[in-house]
Amino acid sequence: PAATRVPTTIDLDSGLAALAAWDPEELMARIVFAGRALDAGGGLAEMLVAHRHKVRIAESLDDAVRTAKAERPDVVLLDLDAGGDEGRQALVRLRREAPGTAVVVLTEGGGIEAAVSAMKLGAVDFLARPLDIGRAVETLDAILALRRGATGTFRLHVLGADRSFLAAKDLALRFAMPDINVLLTGETGTGKDVFARMIHDASKRSLGPFLPVDCSVLPGELIESELFGHEKGAFTGAVTARIGRFESAQGGTLFLDEIGNLPLGVQAKLLRVLQERRISRLGSAETIRLDVRLVSATNVDLEAAVERGAFRRDLYFRLNEASIPLPPLRDRPGDVELLARHFAEASARRLGRPAPALTEEALRRLVSYGWPGNVRELENAMKAAVVLADTKIEPEHLPPGLRNDRVASAAATRSTARSISAGPAGRDTGKRATVTAPPTRGSTRPAPTETLGVLHVELDIPLDETGMDLKAVAARAS
């Protein structure tokens, strides 16, 4: 009997959904080729039929769009270079008129820029010319299996409703399927590690390993061994051979966190590995072919590091085939309540107790705070609050910096000032105004680590934009 057709789609707001079980003994999928020139030799169509797929060859791009709208095939294979802009226009029409159909594009010579552009328009993956038929079949099979839930292990890792956050999540899910290098940027605590895991779980490598490496915690002399492995006797202390993280991540995803901390020597070797897709363990002349997807993250400005000579320009471009900036929590205040309640409930579950309710005053202070440590700081605050509270989380259960209303406002002011201090184009705008309220008479100023107990406001903004008499402000503060 024929398999029941269930349209499937990638829902970018709720994650990759497995909408139907599929009997592998029955017809697997319907695939439309957008144009006869796409598979001139017929080899790909023949191989797909051998894999029990049904292939239909459309006469033109318009015919492919009409077919997709009327028949709702599983996949449309689209030549992105066909007819100049007509290929991109056809992609937009396919996503609009057949949203349940996956679109895979062909690009000339593996052009990453064109592929990334197609991902943003809604394509789920790309194939490069000259076409590797075996690789193409594997890619299409993986897409079909993942969309039908046969191999997908995707879980919704990230929470938020802010527009900038949703844009980052949208990009992450669009870039998950194709095997391109992704660079996640953002401040410490914004969730780069969580986004990296989400990209892995929404990819065709989801059943493979996901291995994170924090490049900031390893001494420079150990990073190379950690990444590439070593043979026995390769260096002093190498008493046994060891497999590196690249080898361990075969068939999966390697996540290099804080990649801006890599020494220049290791950067050169990483660049060579990305170019050749092969590695050699330290102390070995043997090369090992790699099948690994790389996701990287940094909390520093890598472009500025390139200009300083601290980071290789060629490696930066290799890592940055697709970039996803993650917004700081202070720029998404509407998400603070959602995240706070989520973390409180999660912490309470781990403790085996009901989640305490957030009082209005506690919530007000959470929302008004600047969160310099971002989501990670909020999570830690809620973990502690759940332990301290009984049935309600009050301001006294929050960290010291949030218990005093003046201090919470000062922290928010400092955080906001930091976000605007670089000016509209991210450049320094000149002199800075620093306004510090001195300690009350008879007291001594605390050390920097103790300043949370006093009012200590620093406004890091240009002098000509303050609009205030600084001497008068200092006099009033005293």
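When reading the values below, keep in mind they use all heavy atoms of this one structure, side chains included, and skip hydrogens, waters and symmetry mates.
- With S368 contributing its side chain and R365 its backbone, the two residues share a donor-acceptor pair below 3.5 Å.
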### Task
Assess whether side chain to side chain contact (heavy atoms under 4.5 Å, CB included) is satisfied between V367 and L363, documenting all intermediate values.
CA-CA 6 Å; V367 172; L363 180 59; 4.1 Å; yes

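- Listed by chain and number, the residues in a ring-ring contact (aromatic ring centres under 6.0 Å, His included) with F175 amount to none (sequence neighbours excluded).
- Nearest heavy atoms, G251 versus P209: C-CD, 4.2 Å.
- Taking 4.5 Å as the limit, every side-chain heavy atom of F317 sits out of range of all side-chain heavy atoms of V306.
- Side-chain contact between I31 and D74 is absent, with no heavy-atom pair separated by less than 4.5 Å.
- Between L329 and V336, some side-chain heavy-atom pair lies under the 4.5 Å cut-off.
- Residues G260 and V300 approach most closely at CA-CG2, 4.4 Å, considering heavy atoms.
- With hydrogens and angles ignored, the 3.5 Å screen pairs a side-chain donor or acceptor of D335 with a backbone N or O of D162.
- Remark: the backbone N or O of D179 is not paired with any side-chain donor or acceptor of R205 at under 3.5 angstrom.
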### Message
Using the rule given for side chain to side chain contact (heavy atoms under 4.5 Å, CB included), can you reason through Y369 versus E377, listing the C-alpha separation, both sets of side-chain angles and the distance that settles it, and then say yes or no?
### Response
CA-CA 11 Å; Y369 184 56; E377 183 185 7; 3.0 Å; yes

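- Atom-to-atom distance recorded for L78:CG and F126:CZ is 14.5 Å, nearest 0.5 angstrom.
- Put simply, the side chain of L274 reaches to within 4.5 Å of the side chain of L315, judged on heavy atoms.
- Electrostatic pairing of R277 and D291 does not count as a salt bridge here, judged by no charged N lying under 4.0 Å from a carboxylate O.
- Nearest heavy-atom pair across P395 and E361 is CG-CG, 3.4 Å.
- Expressed to the nearest 0.5 Å, how far CZ of R72 lies from CD of E97 amounts to 8.5 Å.
- For the side-chain contact (heavy atoms from CB on, under 4.5 Å) test with V273, the passing option among I279, L294, L227 is I279; the others fail.
- Note that the CZ atom of R376 and the CH2 atom of W371 stand 14.0 Å from one another [nearest 0.5 Å].
- Taking all atoms of both residues into account, the shortest heavy-atom contact from L339 to V375 is CD1-CG2, 4.2 Å.
- Residues P73 and R30 approach most closely at CB-O, 3.5 Å, considering heavy atoms.
- A salt bridge between E345 and R341 is absent, with no side-chain N of the basic residue lying under 4.0 Å from a carboxylate O of the acidic one.
- To the nearest 0.5 Å, the span separating CG on L211 from CD on Q250 amounts to 10.5 Å.
- Q267 places a side-chain N or O within 3.5 Å of a backbone atom of R312 that can act as its donor or acceptor partner.
- Atom-to-atom distance recorded for L378:CG and H342:NE2 is 10.0 Å, nearest 0.5 angstrom.
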### Task
Take L264 and V266 through the side chain to side chain contact (heavy atoms under 4.5 Å, CB included) test and state the conclusion after the steps.
CA-CA 5 Å; L264 284 170; V266 180; over 6 Å; no

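- At a threshold of 4.5 Å between non-hydrogen side-chain atoms, the residues I393 and L398 count as touching.
- For R95 (side chain) and T101 (main-chain N/O), a donor-acceptor pair under 3.5 Å exists by modelled atom type.
- Between V32 and L77 the shortest side-chain heavy-atom distance does not fall below 4.5 Å.
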### Task
May I have the step-by-step check of side chain to side chain contact (heavy atoms under 4.5 Å, CB included) for V104 and L140, ending in yes or no?
CA-CA 8 Å; V104 177; L140 292 171; 4.0 Å; yes

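- Inter-residue side-chain proximity for V386 and H397 is flagged as unmet; no heavy-atom pair is nearer than 4.5 Å.
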Show the atom names and distances, to 0.1 Å, of all donor-acceptor pairs under 3.5 Å that link a side chain in residues 181-195 to residues at least two apart or in another chain.
unit_1 : atom_1 : unit_2 : atom_2 : d
N181   : ND2    : R318   : O      : 3.1
E187   : OE1    : R330   : NH1    : 3.2
E187   : OE1    : N374   : ND2    : 3.2
E187   : OE2    : R330   : NH1    : 3.4
E187   : OE2    : R330   : NH2    : 2.5
T188   : OG1    : N299   : ND2    : 2.7
T190   : OG1    : E187   : O      : 2.7
K192   : NZ     : G186   : O      : 3.1
K192   : NZ     : E187   : O      : 2.9

### salt bridge (charged side-chain N to carboxylate O under 4.0 Å, His left out) assessment of R364 paired with E360
CA-CA 6 Å; R364 184 185 69 80; E360 290 187 9; over 6 Å; no

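- With sequence neighbours left out, the salt bridge (Lys or Arg N to Asp or Glu O under 4.0 Å) criterion links E379 to K383.
- In this structure, the side chain of S248 engages the main chain of G244 through a donor-acceptor pair within 3.5 Å.
- Of all heavy-atom pairs between A196 and V295, the closest is CB-CG1, 4.0 Å.
- Side-chain contact between L358 and M382: present, with at least one pair of heavy atoms (C-beta onward) separated by less than 4.5 Å.
- Atoms CD1 and CG, from I259 and L302 in turn, are 8.0 Å apart once rounded to the nearest 0.5 Å.
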